[in-house]
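Any value given below was found using the heavy atoms of this structure, including those in side chains, with hydrogens, waters and symmetry copies removed.
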Amino acid sequence: MSVLRAMYLGLALWGAVHPMLWFWRHMEATGGGLKDVVAAWSANAATIGLTWDLVIAACALSLWVIAETWVRRNWIALLVLPATWGIGLACGLPLYLYLRTAPIR
């Protein structure tokens with residue numbers, strides 16, 4: 001594995017774990033669950049703007065993944081869609097770059 005691919009994989013793992021730690025911390029502090037985390041995403045204009053920024057970027061990544069998968073027939077890349085929408089863009093984007101830079105067989 002190249003250094004670049006290892007870095008993409010490391011970023012995908014970091015993007016899967018680190019944001020979730022903050023979500024868990026918020027849930028523990030408020031005593032609420034995921035519903036409270038989602039409500040916090042619309043707490044003020046700044047968080048609403050950031051939320052929409054991430055949603056739009058996730059839509060662009062999803063469109064790119066689908067378009068490239070259709071052309072390249074790299075079906076494993078579709079795993080990026082649930083990673084992006086279920087975990088987050090910080091996991092999905094580097095995961096896609098990791099899968100996209102795999103050696104051609």
Side-chain angles (χ1 to χ4, degrees):
M1 178 183 322
S2 71
V3 173
L4 182 61
R5 287 195 78 223
M7 291 176 68
Y8 287 148
L9 183 57
L11 287 169
L13 294 172
W14 184 22
V17 174
H18 195 222
M20 291 300 165
L21 293 174
W22 287 101
F23 295 151
W24 281 110
R25 197 177 272 185
H26 177 77
M27 287 187 280
E28 287 177 352
T30 62
L34 186 58
K35 182 178 170 184
D36 285 348
V37 172
V38 173
W41 295 342
S42 61
N44 57 53
T47 57
I48 291 170
L50 183 57
T51 299
W52 278 109
D53 183 66
L54 292 171
V55 167
I56 293 165
C59 288
L61 175 61
S62 298
L63 182 60
W64 181 28
V65 167
I66 292 167
E68 277 214 340
T69 298
W70 186 262
V71 171
R72 298 180 65 177
R73 305 290 191 231
N74 181 16
W75 305 112
I76 195 76
L78 291 176
L79 290 175
V80 169
L81 298 176
T84 299
W85 293 100
I87 299 171
L89 183 63
C91 175
L93 177 58
L95 177 61
Y96 184 68
L97 295 172
Y98 169 77
L99 295 171
R100 175 72 171 76
T101 56
I104 299 172
R105 295 179 188 184

CZ-CG distance between Phe23 and Leu34, expressed to the nearest 0.5 angstrom: 8.5 Å

Distance (rounded to the nearest 0.5 Å) between Leu61 CG and Ile66 CD1: 9.5 Å

For Arg5 against Tyr98, the heavy-atom pair lying closest together: NH2-O, 3.0 Å

Check: Ser62 and Trp85 side chains under 4.5 Å, non-hydrogen atoms: yes

Leu9 CG to Leu97 CG distance, which is reported to the nearest 0.5 Å: 11.5 Å

Spacing of CG belonging to Leu13 relative to CG belonging to Leu95, to within rounding of 0.5 Å: 8.5 Å

Smallest separation among heavy atoms of Cys91 and Pro94, with atom names: O-CD, 3.5 Å

Shared hydrophobic cluster, Leu81 / Leu89 (ILVMFWY, side-chain heavy atoms < 4.5 Å): yes

Least distance between heavy atoms, Ala16 atom then Pro19 atom: C-CD, 4.5 Å

Shared hydrophobic cluster, Val65 / Trp75 (ILVMFWY, side-chain heavy atoms < 4.5 Å): yes

Minimum heavy-atom distance between Thr47 and Ala40, given as atom pair plus value: OG1-O, 3.7 Å

Joint hydrophobic cluster, Leu93 plus Leu78, side-chain heavy atoms closer than 4.5 Å: yes

Nearest heavy-atom neighbours spanning Gly92 and Thr84: CA-OG1, 3.3 Å

Same apolar cluster: Trp41 and Ile87, side chain cutoff 4.5 Å: yes

Nearest-0.5 Å distance that lies between atom CE in Met1 and atom OH in Tyr8: 13.0 Å

Axial cation check for Trp70 ring with Arg72, 6.0 Å and 45° limits: no

Residue Arg73 excluded, over 12 heavy atoms near CZ under 6.0 Å: yes

From Leu21 atom CG to Trp24 atom CH2, the distance as rounded to the nearest 0.5 Å: 10.5 Å

Shortest non-hydrogen separation from Leu79 to Pro82 and the atoms involved: O-CD, 3.2 Å

ILVMFWY network linking Ile48 to Val55, side-chain heavy atoms under 4.5 angstrom: yes

Side chain to side chain contact (heavy atoms under 4.5 Å, CB included) between Asp36 and Met27, intermediate numbers included: CA-CA 7 Å; Asp36 285 348; Met27 287 187 280; 5.7 Å; no

